[in-house]
Amino acid sequence: MSIVSTIKPLVIKALKELYPGDPKSADSLPDRFREDDLTVSITKPEFEGDYTLVLFSFVKQLKKSPEQLGKEIGELLLKNNPELFTSYNVIKGFLNLVIADRYWLDFLQSNYSNRSPGVRPSVNKTIIVEYSSPNTNKPLHLGHLRNNFLGWSVAEILKVTGHKVIKTAIMNDRGIHICKSMVAWQRFGNGATPDSTGIKGDHFVGDYYVLFGTELKKEVETLMATGTTKDEAEKNAPLMQAAQKMLVDWENGDPEVRALWEKMNGWVYEGFNETYKKIGSDFDKNYFESSTYLMGKEIVEEGLAKNVFFKKEDGSVWIDLTSDGLDEKLVLRKDGTSVYITQDLGLADKKYEEFHYYQSFHVIADEQNYHMKVLKLILKKLQKPYADGIYHLSYGLVELPTGRMKTREGTVVDADEIIEELIKVAKDKTEELGKVKDFNPGELIELYDTIALGALKFFLLRVDPKKRMLFNPEESIDFHGFTGPFVQYTHARIKSILRKEIAGVSRQSAVGSSQPAVSSPLLPKEKELIVLLEQYESILGQALEEHNPSVVAIYAFNVAKVFNAFYTEHSVMSAESEEKKVLRLKLSELTANVIAASMALLGVKVPERM
RNA sequence: GGCCUCGUAGUACAAUGGAUAGUAUAAGAGCCUCCGAAGCUCCAGAUGCAGGUUCGAUUCCCGCCGAGGCUACCA
């Protein structure tokens with residue numbers, strides 16, 4: 001039970017007691033005062049108090065001045081709950097409440113050693129989180145990383161709040177883009193392989209995709225020199241013709257093409273798996289477009305039967321969404337082959353068959369907002385029971401100072417490269433500081449990974465997913481301030497104190513089960529920290545509601561920052577008294593646990609030492 | 001053209017309609033004989049423009065300006 005959800009009912013009770021209203025009129029209805037209408041928030045530091053009730057919303061209703069209202073409510077709250085509130089003050093329309101130290105100390109006492117704070121009991125609901133979903137013709141880049149970290153983190157937030165989560169990916173493993181790499185390798189590869197060249201599989205294949213582009217450009221230029229238009233040239237260039245033919249051959253099941261396709265996709269998967277392992281992404285189930293792309297045709301039949309879809313003269317099948325403010329949308333081509341949305345319709349159906357999900361999250365970039373809107377709308381019109389549970393977890397693109405990343409223009413930040421770069425920075429910095437000279441090589445490598453990925457994940461998750469974000473290679477790699485390593489450092493720092501205390505004999509008596517004493521009041525920095533730690537549960541609730549890990553990242557940073565300020569001002573080991581020492585040790589332990597728990601939700605490990 | 005996002009210090013990010021708009025970086029001034037300086041303290045600096053609703057607007061509504069995306073019988 002959080003402090004805010006404790007205060008709200010008490011305020012409602014006080015309001016009803018103070019202003020029962022005329023029993024005969026409408027203003028005595030039981031829901032005249034509702035918790036949802038209350039605004040209870042943390043008191044601004046420049047005022048006295050811990051939590052503040054905003055009074056303006058009742059002023060008109062009750063026809064009283066805010067000052068008088070605040071006074072009346074404050075008095076009654078104090079009278080009714082002397083153990084919770086110690087005093088109040090009213091400034092303008094704000095009722096500032098001072099919470100008793102006892103409350104905070106009790107909270108500390110019952111939570112300080114909880115290693116998994118915020119975990120909720122099972123609600124027995126299955127939620128699918130579909131994320132990552134790469135094309136198998138090129139390596140992962142920064143945009144994929146944002147997607148992966150988001151999907152993974154949201155899944156984690158759902159898990160601790162009691163949901164059963166199935167993580168899935170859909171591999172976009174077929175199509176013209178795959179054929180381009182294949183054609184290029186056939187023409188220019190001379191039988192080279194990732195093994196023979198020592199290049200990671202996904203990069204190896206990606207190189208041929210890029211090569212296709214550059215070679216195609218040459219052909220196009222040659223054709224254009226003979227007077228062909230650009231569009232014509234691109235269509236008629238021999239390489240493009242070859243890719244198109246390969247796509248047809250692939251669809252017809254040509255054994256040679258299929259064998260080549262499997263070989264090259266195999267290389268890519270090997271590369272992907274290495275990267276996934278490194279960044280900690282995992283999936284309960286992979287779907288492959290090559291085996292799902294024909295699905296959905298049944299749904300098209302179903303839609304025609306239900307008159308949700310209609311057939312045009314040429315045989316193509318459409319849905320009319322103009323009454324919903326959208327366009328007509330094609331769901332089946334005139335040649336009877338399926339389009340993107342057809343596959344997604346089929347896949348949604350299949351997933352529901354398999355998992356009977358309560359909700360299905362699709363972590364997909366906001367470029368596809370329209371597509372996902374249409375998808376959900378079609379499923380609704382088909383009266384699919386799962387349609388309402390479809391949720392597009394839309395996120396903005398990662399941009400560079402030069403603008404959008406484009407593979408063909410070589411302006412992508414490669415996932416493997418940026419990770420390696422960060423590992424190097426972590427290594428240099430760690431060596432420079434020289435605090436872990438006794439680590440063995442294995443421990444060091446693990447630590448560098450922890451710090452590097454901590455920096456990267458934190459950087460990509462600290463921003464509201466919906467928003468576009470900027471990645472500046474020069475400035476974004478930083479281990480100071482609002483960063484993962486800063487939070488990690490704070491954790492390691494606390495652990496260092498706790499280790500020393502364990503080493504000392506006083507550990508048992510100091511951090512034992514005794515209640516923290518109340519003989520001396522909580523000091524401002526102590527209180528600020530404990531009040532913040534108490535908010536963890538509601539932060540988790542907010543992150544869940546908004547499907548937004550950035551809430552957790554910002555919170556973790558604040559905890560670390562407030563702890564560091566507390567730490568600078570007050571000594572833990574040489575506290576003024578034994579009871580203060582006990583209090584601060586518990587406070588430190590709780591801080592470390594909350595930091596570890598929140599960072600875990602982001603997929604960021606926190607080291608004991610760094 | 002139509003539809004959808006987004007405009008906050010030099011830069012990057014915050015702010016369920018609430019108090020003097022927070023934080024980080026970069027710039028300036030300090031703090032390691034004392035629990036870890038990847039830290040702390042101080043100092044400066046911002047809501048694109050113009051209206052409206054409200055006791056109160058960064059937030060909601062309208063217009064303009066600017067940025068991005070979608071608007072494929074590509075996926």
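In what follows, every chain begins at residue 1, and chains take the letters A, B, ... in the order their sequences are listed. The model shown is predicted, which means the values in this text are computed figures rather than measured ones.
Looking at heavy-atom distances under 4.0 Å, Thr52(A) makes contact with a base. Base engagement by Glu608(A) is indicated by at least one non-hydrogen atom pair under 4.0 Å involving a base atom. Among the protein residues, His491(A) comes within range of no part of the nucleic acid, since none of its heavy atoms lies under 4.0 Å from any strand. Looking at heavy-atom distances under 4.0 Å, Asp327(A) makes contact with sugar-phosphate atoms alone, never a base. Within the 4.0 angstrom heavy-atom criterion, only backbone atoms of the sugar-phosphate kind lie near Val463(A); the bases stay farther away. Among the heavy atoms of the strands lying under 4.0 Å from Ile451(A) is at least one base atom, whether or not backbone atoms are also near. Residue contacts shown for Arg609(A) include a base, since a base heavy atom lies under 4.0 Å away. Heavy atoms of Gln488(A) sit nowhere under 4.0 angstrom from any nucleic acid atom. Within 4.0 Å of Phe482(A), counting heavy atoms only, lie sugar-phosphate atoms of the nucleic acid but no base atom. Within 4.0 Å (heavy atoms only), Ala365(A) reaches no atom of the nucleic acid at all. Counting any heavy atom pair closer than 4.0 Å across all strands shown, Val54(A) reaches a base atom. Lys92(A) comes within 4.0 angstrom of sugar-phosphate atoms only, judged by non-hydrogen atoms across all strands, and of no base. Phe557(A) comes within contact range of the sugar-phosphate backbone alone, with a heavy-atom separation under 4.0 Å but no base atom that close.
With a glycosidic angle no further than 90° from 0, C32(B) counts as syn.
Going from the P atom of C43(B) to that of C61(B) covers 38 Å, rounded to whole Å. Rounded to whole Å, the C1' atom of C64(B) lies 28 Å from the corresponding atom of A12(B). Taking atom C1' on both nucleotides, C40(B) is separated from G17(B) by 36 Å, rounded to a whole Å. Going from the C1' atom of G10(B) to that of G52(B) covers 34 Å, rounded to whole Å. Look at the P atom in both A27(B) and C65(B): the space between them is 39 Å, to the nearest Å. U8(B) and G22(B): their C1' atoms are spaced 11 Å apart (whole Å). A9(B) and U25(B) are spaced 12 Å apart, taking the C1' atom of each and rounding to whole Å. If you take atom P in C3(B) and the same atom in A50(B), they sit 26 Å apart, rounded to whole Å.
For the salt bridge (charged side-chain N to carboxylate O under 4.0 Å, His left out) condition, the pairs that include at least one residue of residues 393-407 of chain A, sequence neighbours left out, are Glu367(A)-Arg404(A).
With His362(A) contributing its side chain and Tyr391(A) its backbone, the two residues share no donor-acceptor pair below 3.5 Å. Looking only at distances, no side-chain donor or acceptor of Ser574(A) sits under 3.5 Å from a matching main-chain atom of Ser571(A). Side-chain N or O atoms of Asn89(A) include one that pairs as donor or acceptor with a backbone N or O of Glu48(A) at under 3.5 Å.
The interatomic distance linking Ile91(A) (CD1) with U20(B) (P) rounds to 11 Å, in whole Å. Straight-line distance from the CD atom of Glu367(A) to the P atom of G69(B): 8 Å, rounded to whole Å. To the nearest angstrom, P of U54(B) lies 21 Å from CG of Leu55(A). A straight line from CG of Leu332(A) to P of A72(B) spans 18 Å, rounded to a whole angstrom. Distance CZ (Arg333(A)) to P (C73(B)): 9 Å, rounded to an integer number of Å.
For the segment residues 312-320 of chain A, residues with any heavy atom less than 4.0 angstrom from an atom of RNA chain B are, sorted by number, Asp314(A), Ser316(A), Trp318(A). Using a 4.0 Å cutoff on non-hydrogen atoms, the parts of residues 464-471 of chain A near RNA chain B are Asp464(A), Lys467(A), Arg468(A), Met469(A), Leu470(A), ordered by number. A heavy atom lying under 4.0 Å from RNA chain B marks none of the residues of residues 544-555 of chain A.
At least one cation-pi condition fails for Arg462(A) and Phe557(A): the charged atom is not both under 6.0 angstrom from the six-membered ring centre and inside a 45 degree cone around its axis. Figure legend: cation-pi geometry between Lys329(A) and Trp318(A) absent, as NZ or CZ is not positioned both under 6.0 Å from the six-membered ring centre and within 45° of its axis.
One donor-acceptor pair, N or O on each side, does fall under 3.5 Å between the base of A19(B) and the side chain of Asn96(A).
Between Phe479(A) and Ser41(A), the residue anchored closer to the 5' end of RNA chain B is Ser41(A), taking for each the nucleotide with the nearest heavy atom. The 5' end of RNA chain B is approached more closely, in terms of each residue's nearest nucleotide, by Ser496(A) than by the other of Gln368(A) and Ser496(A).
Every residue two or more places apart in sequence or in another chain was checked for a side-chain contact (heavy atoms from CB on, under 4.5 Å) with Pro45(A), and none qualifies. Among residues two or more places apart in sequence or in another chain, the side-chain contact (heavy atoms from CB on, under 4.5 Å) test is passed with Glu301(A) by none. Applying the salt bridge (charged side-chain N to carboxylate O under 4.0 Å, His left out) rule to Asp438(A) yields the partners Arg609(A); only residues at least two apart in sequence or on another chain are considered.
Counting heavy-atom neighbours within 6.0 Å of Glu443(A) CD, excluding the residue itself, gives a total above 12. The neighbour count for Glu576(A) CD, taken as heavy atoms of other residues, nucleotides or ligands under 6.0 Å away, is above 12. Counting non-hydrogen atoms of other residues, nucleotides and ligands closer than 6.0 Å to CD of Glu46(A) gives a total above 12.
A side-chain N or O of Thr43(A) and one of Thr52(A) form a donor-acceptor pair less than 3.5 Å apart.
Residue ring and base: Phe47(A) counts as stacked with A19(B) (centre distance below 5.5 Å, interplanar angle below 30°).
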Under 3.5 Å, which donor-acceptor pairs link side chains of residues 173-180 of chain A to any protein atom two or more places apart or in another chain?
{"unit_1": "Asp173(A)", "atom_1": "OD1", "unit_2": "Glu289(A)", "atom_2": "N", "d": "3.3"}
{"unit_1": "Asp173(A)", "atom_1": "OD1", "unit_2": "Ser290(A)", "atom_2": "N", "d": "2.7"}
{"unit_1": "Asp173(A)", "atom_1": "OD1", "unit_2": "Ser290(A)", "atom_2": "OG", "d": "3.4"}
{"unit_1": "Asp173(A)", "atom_1": "OD2", "unit_2": "Ser290(A)", "atom_2": "OG", "d": "2.6"}
{"unit_1": "Arg174(A)", "atom_1": "NH1", "unit_2": "Glu289(A)", "atom_2": "OE2", "d": "2.9"}
{"unit_1": "Arg174(A)", "atom_1": "NH2", "unit_2": "Glu251(A)", "atom_2": "OE2", "d": "3.1"}

So if I define the base as every atom that isn't primed, P, OP1 or OP2, how would nucleotides 40-47 of chain B read as a B/S/- string at a heavy-atom cutoff under 4.0 Å?
SS------
Every protein N/O within reach of nucleotides 55-57 of chain B N/O, cut-off under 3.5 Å:
{"unit_1": "C55(B)", "atom_1": "OP1", "unit_2": "Lys60(A)", "atom_2": "NZ", "d": "3.3"}

Report, one pair per line, the protein and nucleotides 27-34 of chain B atoms (nitrogen or oxygen only) whose separation is under 3.5 Å.
none

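A perpendicular orientation is assigned to the rings of Phe56(A) and Phe94(A), their planes being inclined by more than 60° (bins at 30° and 60°).
Exactly one of Trp250(A), Tyr340(A), Tyr287(A) qualifies for a ring-ring contact (aromatic ring centres under 6.0 Å, His included) with Tyr293(A). That residue is Trp250(A).
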Quick one: the dot-bracket string of RNA chain B, using Watson-Crick and G-U wobble pairs with both distances under 3.5 Å, [ ] for crossing pairs and | for bases paired to another strand.
(((((((..((((....[...))))..((((.......)))).....((.((..]....)).)))))))))....
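Side chain of Arg174(A), nearest nucleotide from A75(B), C35(B), A24(B): A75(B).
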